[in-house]
Amino acid sequence: MIGFNGGLIGKANPTIAAASIPGVWTPREVEVAVRNAKWSNAGLLDIYAGATAAFSLRSLRGATTNSAVVQVRRSSDSALSDFTATQITDGSLVAWVGAGNNGFVRTWYDQSGNGNNATQATDGSQPRIVVSGVLERDPADTGRPTIRFGLVTSRLVTPTIAITSNCAIFAVTKHTNSTSTWSFFFGHTQSGARFYVGKAANGSGSPAVHLKFAGGDFSTFTGTDMIAKTVSYWQQGAGISQYRLNNGTTTALTSGSTTSVGISIGGPGVDNTDNPWYGPIQEFIYYPTSQVNTHANIMTDINAYYSIY
């Protein structure tokens, strides 16, 4: 029997690839097609394609399993070397950095395939991945590797990327400093156009999710826990946006305008060095289109790896 998309119902096509799947397929049909093709090493981005930029210390695509996910600088001689996700966890990275030395991330490679690598050429502004010969890990998620920000004003910046009216953002973060401090793990700002996501200090000093748009439009949700959370943000259309936590909380927001500048990971923006993020960032994925129909599955995939909730 022929299905609505031209395929045979009930028969797997072993030659299908995620990139060739028609856009009319539902997210569930994409997932079934990929898995039926026996693509055993399919990653999150294979099943949920279309990201503009994607950063992680795990492999997000089957085709890049053996590709570097980070470039690291070691403190002893400032030498640089690339490492795959496997080399981070099997001890190769720590062995290269050396006992007693620190390792800092100079480049976090974009796994979306678009080449939007997040970089930091200034040594003193690079986040840390190895401390005194020990891999940085987050015990809250079974000890997965992490990149630690906030030791200094550390951030990694991508090439120019537009924040669209239908964007979706997924991030795995954890805030570790005083609750009375403003702090942002992501920013997209320049010349007055602002879009921040992170932790704000409300009047009582407790942590709160905070989004700031152009024109001074603050949207703050008090009492929201930013500790070891998967964060999902999306806009369903121009002027209509939502913020969602892994516990299902959804809040409507009012959108603001932005310009096309680089995405800053670990701080509020390319041209703003205030209020950096304090703590680990393990994953950051940006889609230029709304993921309202896929966000639950994407967050399930993220949680299955990081054990967030």
Side-chain angles (χ1 to χ4, degrees), residues 43 54-61 64-111 117-158 171-178 181 183-186 198-199 226-230 264-267 273 276-285 302 304-308:
F55 310 97
S56 182
L57 296 180
R58 62 168 174 155
S59 294
L60 298 175
R61 296 173 57 213
T64 59
T65 300
N66 296 318
S67 299
V69 295
V70 288
Q71 182 185 69
V72 176
R73 176 184 64 84
R74 63 186 175 196
S75 59
S76 59
D77 58 2
S78 291
L80 299 173
S81 186
D82 288 348
F83 294 91
T84 66
T86 299
Q87 290 172 330
I88 293 174
T89 57
D90 70 6
S92 299
L93 168 60
V94 168
W96 178 80
V97 171
N101 294 325
N102 296 329
F104 300 92
V105 175
R106 188 183 192 279
T107 301
W108 204 354
Y109 290 113
D110 173 21
Q111 295 189 47
N117 301 328
T119 62
Q120 179 54 260
T122 302
D123 289 357
S125 297
Q126 294 163 353
R128 192 176 66 196
I129 193 171
V130 175
V131 53
S132 299
V134 178
L135 183 66
E136 291 274 14
R137 297 182 184 271
D138 186 0
D141 59 21
T142 66
R144 299 290 188 186
T146 188
I147 299 174
R148 189 164 298 279
F149 289 76
L151 304 168
V152 291
T153 305
S154 53
R155 69 191 60 219
L156 299 168
V157 179
T158 71
V172 179
T173 66
K174 182 178 181 180
H175 197 266
T176 59
N177 80 327
S178 170
T181 304
S183 190
F184 304 98
F185 66 81
F186 157 80
K199 189 213 72 157
M226 287 294 293
I227 303 300
K229 291 292 186 182
T230 303
S264 173
I265 300 174
T273 59
W277 187 249
Y278 292 87
I281 300 178
Q282 294 167 292
E283 197 155 293
F284 183 95
I285 304 172
I302 292 172
Y305 184 79
Y306 292 102
S307 301
I308 298 168

Determine whether Ser67 and Thr84 satisfy the following criterion, side chain to side chain contact (heavy atoms under 4.5 Å, CB included), listing intermediate values before the conclusion.
CA-CA 6 Å; Ser67 299; Thr84 66; 5.8 Å; no
Are Arg144 and Tyr305 in a cation-pi setup, meaning NZ or CZ lies under 6.0 angstrom from the ring centre and within 45 degrees of the ring axis?
yes
Sidechain-backbone polar pair: Gln111 side chain, Arg58 backbone, donor-acceptor under 3.5 Å:
yes
Are Val157 and Ile265 side-chain neighbours, meaning at least one heavy-atom pair lies under 4.5 Å?
no
Side chain to side chain contact (heavy atoms under 4.5 Å, CB included) partners for Asn66, two or more places apart
none
Heavy-atom closest pair, residues Arg73 and Leu80:
CB-CD2, 3.4 Å
Decide yes or no for Leu156 and Thr119: does some side-chain heavy atom of the first lie under 4.5 Å from some side-chain heavy atom of the second?
no
Using only atom types and a distance under 3.5 Å, with no angle test, would you say the side chain of Gln126 pairs donor to acceptor with the backbone of Arg106?
no
So which atom in Glu283 and which in Ile302 form the shortest heavy-atom distance, rounded to 0.1 Å?
OE2-CG1, 3.6 Å
With a 3.5 Å distance limit and no angle check, can you tell me whether Glu136 reaches the backbone of Ile147 through a side-chain donor-acceptor pair?
no
Mind running side chain to side chain contact (heavy atoms under 4.5 Å, CB included) on Val72 and Ile129 for me, showing each step along the way?
CA-CA 8 Å; Val72 176; Ile129 193 171; 4.1 Å; yes
For the atom pair CG (Leu60) and OG1 (Thr65), what is the distance rounded to the nearest 0.5 Å?
10.0 Å
Hey, what's the ring geometry for Phe55 with Phe284, parallel, tilted or perpendicular (30° and 60° as the breaks)?
tilted
Taking atom types as modelled and ignoring hydrogens, do the side chains of Asp82 and Tyr109 form a donor-acceptor contact shorter than 3.5 angstrom?
yes
Test your reading of the model: is there a side-chain donor-acceptor pair from Gln71 to the backbone of Val105, 3.5 Å cut-off?
no
Between the main-chain N or O of Gly143 and the side-chain N or O of Arg137, is there a donor-acceptor pair closer than 3.5 Å?
yes
Counting distance only, does the side-chain N/O of Asp110 pair as donor-acceptor with the main-chain N or O of Ala54 below 3.5 Å?
yes
For residues Leu57 and Val70, determine if any side-chain heavy atom of one lies less than 4.5 Å from a side-chain heavy atom of the other.
yes
Heavy-atom closest pair (Thr146 atom, Pro280 atom, distance to 0.1 Å) is OG1-CB, 2.8 Å
Quick one: side chain to side chain donor-acceptor pair (under 3.5 Å) pairs with a partner in residues 91-101, sequence neighbours left out?
Asp90-Ser92
Using atom types as modelled and distance alone, determine if a side-chain donor or acceptor of Thr122 lies under 3.5 Å from a backbone N or O of Ser125.
no
Sub-3.5 Å donor-acceptor pair from the side chain of Trp108 to the main-chain atoms of Ser56, do we have one?
yes
I need the minimum non-hydrogen distance between Thr158 and Ala118, along with the two atoms involved.
CG2-CB, 4.0 Å
Does a side-chain heavy-atom distance below 4.5 Å link Pro127 with Phe104?
no
Between Ile281 and Val172, is the side chain to side chain contact (heavy atoms under 4.5 Å, CB included) condition met? List the steps.
CA-CA 6 Å; Ile281 300 178; Val172 179; over 6 Å; no
Stepwise side chain to side chain contact (heavy atoms under 4.5 Å, CB included) test for Trp277 and Thr173
CA-CA 9 Å; Trp277 187 249; Thr173 66; 3.8 Å; yes
